[in-house]
Amino acid sequence: MTAKKHIVVLGAGVIGLSTAVHLLETKRDVYDVTIIADALPSDDRKSGLAHYASLWAGAQHVSFASLEDTLQQQLDRATFKRMWEMSDPSTATSSLFMRLKQTEYYRSVPSDVAQGKAALDFMPDFRYLKEEELADKGAKAGLEFTTVTIDVPTYLAYLLARALALGGRLLRARVMHISQVYSGAFTPTRPVDAVIVCTGLGARSLGGVEDLTVFPIRGQTVLIKAPWVDWGVTLSGSGKHKPGEELLEPPVYVIPRASGEVIIGGAMEPDDYFPLPRAGTTKSILERALKLAPQLVQTPNPTLSDLEALILEEGCGFRPGRRDGIRLEAGKWEDKVVVYNYGHAGQGYQSSWGSAEEAVRLLDAAFA
Ligand SMILES: Cc1cc2nc3c(=O)[nH]c(=O)nc-3n(C[C@H](O)[C@H](O)[C@H](O)COP(=O)(O)OP(=O)(O)OC[C@H]3O[C@@H](n4cnc5c(N)ncnc54)[C@H](O)[C@@H]3O)c2cc1C
């Protein structure tokens with residue numbers, strides 16, 4: 001019998017944890033897995049963790065992969081398949097998700113939707129909205145389908161618990177350079193054969209990676225308690241969202257969770273490192289959300305103060321953007337294997353399982 005290889009997954013966001021779980025679920029006989037990260041799911045969100053994107057996501061599965069971006073489509077579809085299975089009412093994981101009717105309104109119509117070939121047409125109950133259904137929303141087109149939302153705090157805790165239950169190990173540490181990991185500095189009794197870099201925005205400053213094409217896309221949200229909300233809605237931002245360019249008008253979205261809490265947003269501010277909620281943005285989010293979805297509040301003719309009364313907390317997180325999109329590839333650090341899995345911007349949850357599967361395939365291929 002050949003000895004198992006020791007794999008370090010660097011990062012404990014949704015990408016690192018999903019990668020660790022997928023490795024352990026499918027290749028436990030071949031690989032031992034240690035997760036190393038300096039921020040963990042149980043950390044206090046109020047202690048200045050804007051850089052730990054996974055804590056701040058909505059999160060919903062609404063793919064915005066273009067028709068041309070076949071890799072992103074593959075990642076999103078594979079993830080949806082898995083999340084749909086995990087959210088089946090007969091499973092123990094179903095309470096991590098909410099299945100719901102999602103409505104997407106577009107201020108700027110994506111080309112696939114404009115051509116009547118929506119990349120989202122694989123979603124259950126998919127249909128195009130009729131023109132009369134767009135009235136008063138300020139939208140030029142729209143879609144409706146069924147999807148899942150993810151109860152983020154509980155889901156991250158579940159992923160970590162699952163990785164540990166499958167035999168994974170966990171170490172909290174700040175890594176300055178990937179050479180520290182290979183040197184055995186963190187795991188002195190167990191030499192490291194490969195590192196999977198799932199550090200999100202941290203890839204910008206991590207020695208040995210230092211990917212300066214990685215940048216923050218600042219998001220801001222408001223968490224409210226509104227258990228009567230069992231539908232999701234988005235009004236897309238206007239203008240082209242090119243890397244490094246702010247949208248003319250930010251998106252507005254409502255994402256309910258199984259817990260009865262609802263995330264409303266949003267903001268999309270590239271290269272903005274301000275780590276705390278801005279009062280003006282919170283007010284604008286509330287105004288825009290109430291206009292799009294007055295049913296957020298149960299009283300007739302709801303006002304801003306009615307919505308404010310439901311607030312639990314304000315949030316701010318940095319999506320890990322990357323100029324050329326997600327980095328999913330294998331390489332070498334000196335003579336050791338390294339797999340990169342970062343740069344998921346605003347789509348880390350909805351492409352998490354697909355990215356994990358691809359990272360494990362790259363790892364296997366690198367050792368073959
Ligand atoms: C407001 C908001 C709304 C969002 N909504 C959605 C949504 O609806 N759907 C969706 O799919 N996505 C959404 N996202 C995007 C999603 O949150 C991210 O794509 C995803 O969380 C990225 O995960 P990650 O694991 O790559 O990075 P992170 O969650 O940032 O985790 C990075 C990990 O790496 C560790 N790390 C980094 N550097 C080092 C180092 N040097 N040493 C040790 N550890 C290190 C950190 O400690 C952390 O554990 C949203 C994001 C925001 C901010």
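Here, residue 1 is the first one in the sequence, and each next residue gets the next number. Indexing begins at 1, ligand by ligand and atom by atom, following the structure's order.
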Do other residues, nucleotides or ligands put more than 12 heavy atoms under 6.0 Å from [X] [atom1]?
| X | atom1 | value |
| --- | --- | --- |
| Asp44 | CG | yes |
| Gln115 | CD | yes |
| Lys225 | NZ | yes |

Handout entry: Arg204 to Phe215 six-membered ring, cation-pi geometry met (6.0 Å, 45°)
Key = no

Exercise for the section: Report yes or no: is the cationic atom of Arg99 (NZ for Lys, CZ for Arg) closer than 6.0 Å to the six-membered ring centre of Trp84, at no more than 45° off its axis? Expected result: yes

Mind checking whether [X] has an N or O less than 3.5 Å away from an N or O of ligand 1?
| X | result |
| --- | --- |
| Asp38 | yes |
| Ile15 | yes |
| Ala59 | no |
| Tyr349 | yes |
| Ala39 | yes |
| Gly346 | yes |

Practice task
Starting from the C-alpha separation in whole Å, work towards a yes-or-no answer on side chain to side chain donor-acceptor pair (under 3.5 Å) for Asp364 and Tyr31.
Solution key: CA-CA 10 Å; Asp364 288 343; Tyr31 301 125; 2.6 Å; yes

Completion exercise
Scanning both residues in full, the closest heavy-atom pair of Pro41 with Ala157 reads CB-N, 4.2 Å

[X] side-chain N/O to [Y] backbone N/O, donor-acceptor pair under 3.5 Å:
| X | Y | result |
| --- | --- | --- |
| Tyr128 | Gly116 | yes |
| Glu144 | Arg127 | no |
| Thr147 | His61 | yes |
| Thr34 | Arg169 | no |
| Thr79 | Trp353 | yes |
| Lys336 | Asp193 | no |

Sub-4.0 Å heavy-atom contact, [X] with ligand 1:
| X | result |
| --- | --- |
| Leu201 | no |
| Ala345 | yes |
| Gly266 | no |
| Tyr342 | no |

Heavy-atom distances under 4.0 Å are what count here, so tell me which part of [X] touches ligand 1: side chain, backbone, both or neither.
| X | result |
| --- | --- |
| Ala203 | neither |
| Thr221 | side chain |
| His61 | neither |
| Ala173 | backbone |
| Phe64 | neither |

Handout entry: Heavy-atom proximity to atom 6 (C) of ligand 1, best of Ala57, Ala37, Pro320
Key = Ala57

Exercise for the section: Have a look at Gln350, Arg319, Gln220 and point out the one with the heavy atom closest to atom 52 (C) of ligand 1. Expected result: Arg319

Look at [atom] and say which protein heavy atom is nearest, naming residue and atom and giving the distance to 0.1 Å.
| atom | result |
| --- | --- |
| atom 8 (O) of ligand 1 | Gln60 N, 2.9 Å |
| atom 37 (C) of ligand 1 | Thr199 O, 3.3 Å |
| atom 42 (N) of ligand 1 | Val175 N, 2.9 Å |
| atom 35 (C) of ligand 1 | Gly11 CA, 3.7 Å |
| atom 27 (O) of ligand 1 | Gly200 CA, 3.8 Å |
| atom 39 (C) of ligand 1 | Arg174 NH1, 3.7 Å |
| atom 21 (O) of ligand 1 | Ser54 OG, 2.8 Å |
| atom 5 (N) of ligand 1 | Gly58 N, 3.3 Å |

Would you mind listing which atoms of ligand 1 come within a distance below 4.0 Å of any non-hydrogen atom of [X]?
| X | answer |
| --- | --- |
| His344 | 19 (O) |
| Gly202 | 37 (C), 38 (N) |
| His51 | 30 (O) |
| Gly13 | 25 (O), 29 (O), 31 (O), 33 (C), 49 (O) |
| Val14 | 20 (C), 21 (O), 23 (O), 25 (O) |
| Gly317 | 53 (C) |
| Ala12 | 33 (C), 48 (C), 49 (O) |

Handout entry: Between Asp211 and Tyr340, a side-chain donor and acceptor under 3.5 Å
Key = no

Practice task
Would you kindly say whether Glu104 and Thr234 are connected by a side-chain donor-acceptor distance under 3.5 Å?
Solution key: yes

Practice task
Determine, step by step, whether Gln74 and Thr70 satisfy the side chain to side chain contact (heavy atoms under 4.5 Å, CB included) criterion, reporting the C-alpha distance in whole Å, the side-chain angles of both residues, the deciding distance to 0.1 Å, and the verdict.
Solution key: CA-CA 6 Å; Gln74 174 208 317; Thr70 48; over 6 Å; no

Fill in the blank from the handout: Test side chain to side chain donor-acceptor pair (under 3.5 Å), reference Thr282, set Glu308, Gln220, Glu287, output is Gln220

Scan the side chains in residues 7-15 for donor-acceptor partners under 3.5 Å anywhere in the protein, sequence neighbours excluded, and list what turns up.
none

